[in-house]
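Quick one: this structure, given as structure tokens, is what I'll be asking you about.
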Protein chains: 2
Amino acid sequence: MTYRAPVKDMLFDIRHLAGIDQIARIPGFEEAGFDTAQAVLEECARFNEEVVAPLNWTGDQQPSRLRGGEVLTTPGFREAYRQYAEGGWQGLQHPTEFGGQGLPKTIGAACGEMLNSANLSFALCPLLTDGAIEALLTAGSDELKATYLHRLVSGEWTGTMNLTEPQAGSDLALVRTRAEPRPDGAYRIFGTKIYITYGEHDMADNIVHLVLARVQGAPEGVKGISLFVVPKFMVDKDGSLGARNDVHCVSIEHKLGIKASPTAVLQYGDKGGAVGYLVGQENRGLEYMFIMMNAARYAVGVQGIAVAERAYQKAVAYARERVQSRPVDGSLAGSAPIIHHPDVKRMLMTMRAYTEGCRAMAAVAAAAYDAAHHHPDGEVRKQNQAFYEFMVPLVKGYSTEMSLEVTSLGVQVHGGMGFIEETGAAQYYRDAKILTIYEGTTAIQANDLVGRKTARDGGQTARAIAAQIEKTEGELARQGSVAAKAVHKRLAAARRAFLDVVDFVAGQTKAAPNAVFAGSVPYLMLAGNLVAGWQLARSLLAAEQLAGQGEDLDFMKAKVATARFYADHILAKAPGIRDSIVEGADSVTAMALEAF
Amino acid sequence: MTYRAPVKDMLFDIRHLAGIDQIARIPGFEEAGFDTAQAVLEECARFNEEVVAPLNWTGDQQPSRLRGGEVLTTPGFREAYRQYAEGGWQGLQHPTEFGGQGLPKTIGAACGEMLNSANLSFALCPLLTDGAIEALLTAGSDELKATYLHRLVSGEWTGTMNLTEPQAGSDLALVRTRAEPRPDGAYRIFGTKIYITYGEHDMADNIVHLVLARVQGAPEGVKGISLFVVPKFMVDKDGSLGARNDVHCVSIEHKLGIKASPTAVLQYGDKGGAVGYLVGQENRGLEYMFIMMNAARYAVGVQGIAVAERAYQKAVAYARERVQSRPVDGSLAGSAPIIHHPDVKRMLMTMRAYTEGCRAMAAVAAAAYDAAHHHPDGEVRKQNQAFYEFMVPLVKGYSTEMSLEVTSLGVQVHGGMGFIEETGAAQYYRDAKILTIYEGTTAIQANDLVGRKTARDGGQTARAIAAQIEKTEGELARQGSVAAKAVHKRLAAARRAFLDVVDFVAGQTKAAPNAVFAGSVPYLMLAGNLVAGWQLARSLLAAEQLAGQGEDLDFMKAKVATARFYADHILAKAPGIRDSIVEGADSVTAMALEAF
């Protein structure tokens, strides 16, 4: 087996960090307690381990191909996708009203991690469909909902997000795709969209494109962008498929990684205009797109965790089997499996600690999402919404950046074998590199963290999180174990470093924007590092208490060891990052542009 | 032009940091002053920019191929190699006695960087030939020297290093290739060697394999390994090529990067035994191989600098031309080239500072090599040898690890375009990943730094280097500029962190080897970080003084800005690394092996 889902670790987080029992008290989630989580995760693990994971390497070797405007996906993908849809996995988190299972994100996110560990390329198709569903749920008319949502939630049809154009990447103000109103209330869409994930494929009967475009006469910039639904095949009143719409795939990209996922250039309107339907109101497209984006950004963060987990598992397996050199402490007379060597342990612990830390952070963020959307108390919803929104750039930015380091270490553990493509470790390294780029680069996440999430409320949410962390520090002090003390020291130092940076950001964003944005990505890294470390500190507290009750001692010991490693080796970076941000802005901007 | 050699920066280092004028006072190097350096570097730049660099992308797209036991290299490589050999570039640093130019390594290393920036895959062939030349110069008999050296130095023939076998990677004790003595004094070689760079190719008339093997009856382990010369074609008394030897390429690897460089599996002795000639004495093979390895390790470090430089240049070019979003400070009304954005500047400065820092470190190490090998004063030779040997794992380990970060940032600057293979940024990211693996992984470099370079002399060399750094701190204090003060602060903190770790390593390697080796790679990173930062601090001192004399103000300002950025953003990591090493060893080794 090439992948074994870390169900036990996920359930630990869901129970002890995310608090699934609290979530199950929210009206509508009464069935979504720990037992449900366990049952769903175990079934999900089976499906992904057996059906999806074996196609990962195949996808790298036999990527999607374009033949006469049609994309043929990797052999096996169609059948696996059919099983995915039939298993009801697409609808896991979506409303029962449209055929979904209405489970909390806290459970759904764990399932998403499994699918992505199994196969990052395959998982992108459902990931984009989720985004399309979110946008339609929030802003779609009843008619659009009736026409599209059931089919998307069932997985019969898939969704896409069409933002990017050759001149408009991070800067959506530059979008030029245009929409001309038709007399019947629909629009004709003209333009070229690039980097459209699963923009064309053969796994589903229809593709529902969500497209940013400008209605004729709309204002310049982002305030003139509207959102449209453009189906690949027109949908008749009775729901059956009609004529082919005027949107066509003209090429797919030759990429560094996620090669099985077709990245399409889509041409709209070469034959008179693609028929599109306005979502919500004109000129509010960016706002709706952000709904999709926020769902997708969280999901891409989970992709980072997922590929890190798989790289870790592969590295551990190799380190157990590869025999090379004697242990430095002379504990074995002959050559030993390399997992005995301290530096290999250090690499594996680094991989593990990052992965578990980000998983814990994502689980807690998911729980906040569930409370923010479903809790009966408005104040609770509001607090959780603020927390969740603060977490999105961290989950996206930090988890994906860490996945670059983890997948690189995964190759490194394999030595020369890692560089040979057939080994498979290099695929994770190549695949992961897109994660810090799409759905907003790390810098875009950092801008969001600085601007909308920190400066806008004067650092209030950030300081509230720091106050929660301080409470955890108090619990660590009371716990008093050697590990708790070690973690306490690093957590407190990292929190103080974070607070200094929050003061700097909240105080200087208007006065000295260049200085603040010069440190925006380091701020994101510091915040992500801290929050992941905090969650591992909480997991240490829970694990020591459970171990004290005699529960699953080996597992709890490993939890404690991982938390401590994270604190000593990763959280320990935080004060240095603080110094770079608060004292180092000048040196980022000092160089004359011509001198580069 | 895809690459422009940074001749000016190299000459700055060669003059102001490496002290070429001092080297030119060493007997034999009288002609090798600054003017020679300048003339050679300028000629070298022209050749690499025009002939070698354009073949880099071709090599990635049309890698070496195996056809019936013969390797066909990338179209254009044969002709470029012919020009390389005819230009005398292979012999640059080798003795005039064998047809070389006898120039110091201080000049040769800069030329090596250019060749590697131009084309990492192409450059590997000469790199391995250099290693073979070093080994024969040191340990070869007069007959072997007479037969092989002229042809290797001229580039007519190329060399290889044959160490690795499927079961013997980092652990050469496991080598099983065997050598049977023949009555005529030669040996018959039998075995399989893997990962042999340019083990077979069509660019030269003969290939001279240097092969580790065990003579029948030799002791177990590394003490029973001997080194042999095994030519692809036998060489007749008159120097003409004779029969094909019994060494054959059975496959070449499908790799993540450096695809144009053929990585061969070589089979020795399938047809009765490959004829080999003992180099030096039986059972001293490892010692001789280390001569090659040390030359190759330094050269691989230079590869890291080289690929980082090229990635930087590509990223800068893209950042100047890609227009996206308004500047955060509102300094431009419309969208601006992304080089205006602070985070893009931060990424470019990070790339630049790492690259210049490692280049400066490598230049100073090369100067020490020259003094260690050629200075008339024995004490000077000894001190320089100790310094150089300490530098080798730093140049190799730190420069290659930084190249992973730099090439990753290079992709990141390109955004979505970076993930598209045709852009070319991804090639550097893929190519670089081998650098932390071959010629000894980073962990192997770190073992060398801990064991042979630090613990063996009780930390004496390390502390002597720290004392030199402290002198530079004094000069920074006297200089007194804002930048000098900022750098002073970080340099002093990093040096103190380093000294703490040196005490830990020197004191604990015997008593607590697991604890020390758990921190061996972080120690290497800290030491490399410090030494590169120190050299940039020296370059700041020189640049401010030269600027004071009115020399080349823009260039000197950029030097100062780069040094300060390095101090604020890279050196600032040092204290955190110290903490992880000195206080974090337990958490590396705490996890039970079964729990991974």
Side-chain angles (χ1 to χ4, degrees), chain A residues 169-171 174 195 253-256 316 324-325 328-329 335 339 342-343 345-346 348-349 404 408 411-412 415-416 419-422 426 429 433-434 436-437 441 443 446 513-514 517-518 520-521 554 558 561 564-565 568-569 572-573 575-576 579-580 583-584 587-591 593 595-596, chain B residues 169-171 174 195 253-256 316 324-325 328-329 335 339 342-343 345-346 348-349 404 408 411-412 415-416 419-422 426 429 433-434 436-437 441 443 446 513-514 517-518 520-521 554 558 561 564-565 568-569 572-573 575-576 579-580 583-584 587-591 593 595-596:
Chain A
S170 298
D171 186 0
L174 303 176
Y195 300 158
E253 307 290 353
H254 171 220
K255 307 189 301 295
L256 173 62
V316 168
Q324 203 78 175
S325 300
V328 287
D329 61 1
S335 297
I339 198 168
D343 187 65
K345 280 188 197 161
R346 184 190 60 82
L348 295 176
M349 285 303 297
L404 301 186
S408 178
V411 174
Q412 191 71 18
F419 201 66
I420 307 298
E421 283 288 4
E422 284 74 9
Y429 181 66
K433 191 69 199 81
I434 192 58
T436 59
I437 296 172
T441 62
N514 283 326
F517 285 98
S520 60
V521 168
D554 290 341
R564 184 165 176 196
F565 180 91
D568 282 345
H569 294 267
K573 297 177 183 179
D579 290 0
S580 292
E583 301 172 15
S587 59
V588 174
T589 49
M591 181 83 77
L593 291 188
F596 277 98
Chain B
S170 298
D171 187 0
L174 303 176
Y195 300 157
E253 306 291 354
H254 171 221
K255 307 189 301 293
L256 173 61
V316 169
Q324 205 76 175
S325 300
V328 288
D329 61 2
S335 297
I339 198 168
D343 188 64
K345 281 189 196 161
R346 185 192 60 82
L348 295 176
M349 285 302 298
L404 301 185
S408 178
V411 175
Q412 190 73 18
F419 202 65
I420 307 299
E421 284 287 4
E422 284 75 8
Y429 182 66
K433 190 70 199 83
I434 193 57
T436 59
I437 296 172
T441 62
N514 283 327
F517 285 98
S520 60
V521 167
D554 290 343
R564 184 164 176 195
F565 179 92
D568 282 346
H569 296 266
K573 297 177 182 178
D579 290 0
S580 293
E583 300 171 16
S587 59
V588 175
T589 50
M591 183 81 79
L593 291 188
F596 277 99

Could you check if a side-chain atom of A:Glu422 sits within less than 4.5 angstrom of a side-chain atom of B:His254, using non-hydrogen atoms only?
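Yes - at least one pair of side-chain heavy atoms lies under 4.5 Å apart.
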Which one of B:Val411, B:Ile339, B:Ile434 has the most heavy-atom pairs closer than 4.5 Å to chain A?
B:Ile434
Per-residue contact mode, A:Val316 against chain B (heavy atom under 4.5 angstrom)
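When you check distances to chain B, only side chain atoms of A:Val316 fall under 4.5 Å.
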Per-residue contact mode, A:Asp343 against chain B (heavy atom under 4.5 angstrom)
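Both the backbone and the side chain of A:Asp343 come within 4.5 Å of chain B.
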Donor-acceptor pair between A:Thr441 and B:Gln412 side chains, under 3.5 angstrom:
no
For B:Ile420, which atoms come within 4.5 Å of any heavy atom of chain A: side chain, backbone, both, or neither?
both
Identify which of B:Ala561, B:Ala572, B:Pro513 forms the greatest number of heavy-atom pairs closer than 4.5 Å to chain A.
B:Pro513
Heavy-atom distances under 4.5 Å only: say whether A:Lys573 touches chain B with side chain, backbone, both or neither.
neither
Do you know which of B:Leu174, B:Leu404, B:Asp329 has the most heavy-atom pairs with chain A at a distance under 4.5 angstrom?
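Heavy-atom pair counts peak at B:Asp329.
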Top contributor to chain B interface from A:Glu583, A:Gln324, A:Lys255 [non-hydrogen pairs under 4.5 Å]:
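Going by pairs under 4.5 Å, I would pick A:Gln324.
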Can you list the residues that meet the side chain to side chain contact (heavy atoms under 4.5 Å, CB included) rule with A:Ser587, with sequence neighbours excluded?
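Side chain to side chain contact (heavy atoms under 4.5 Å, CB included) list for A:Ser587, sorted by chain: B:Arg564, B:Phe565, B:Asp568, B:His569.
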Between A:Tyr195 and chain B, with a heavy-atom cut-off of 4.5 Å, which part of the residue counts as in contact: side chain, backbone, both or neither?
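The side chain, not the backbone.
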So which residue, B:Ser325, B:Gly576, B:Gly169, ends up with the most heavy-atom pairs under 4.5 Å with chain A?
B:Ser325
Are side-chain heavy atoms of A:Phe596 and B:Lys345 found at a separation under 4.5 Å?
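Of all side-chain heavy-atom pairs linking B:Lys345 with A:Phe596, at least one is under 4.5 Å.
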So which of B:Ala518, B:Pro575, B:Ala446, B:Ser520 has the largest heavy-atom pair count under 4.5 angstrom toward chain A?
B:Ala518
State, without any angle test, whether B:Thr589 and B:Asn514 hold a side-chain donor-acceptor pair at a distance under 3.5 Å.
no
Choice from B:Met349, B:Arg346, B:Glu253 maximising heavy atom contacts with chain A below 4.5 Å:
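Of the options given, most contacts go to B:Arg346.
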On a heavy-atom basis, which atom in B:Leu256 and which in A:Glu421 lie closest, and how many Å separate them?
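Shortest heavy-atom contact: CA-OE2, 3.4 Å.
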What are the two closest non-hydrogen atoms of B:Val521 and B:Ala443, and how far apart are they?
CG2-CA, 3.7 Å
Side chain from CB out, backbone as N, CA, C, O: work out which of these in B:Asp554 comes under 4.5 Å of a heavy atom of chain A, or both, or neither.
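Nothing of B:Asp554, per the 4.5 Å heavy-atom cut-off to chain A.
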Is chain B contacted by the side chain of A:Leu348, its backbone, both, or neither, given a heavy-atom distance below 4.5 Å?
both
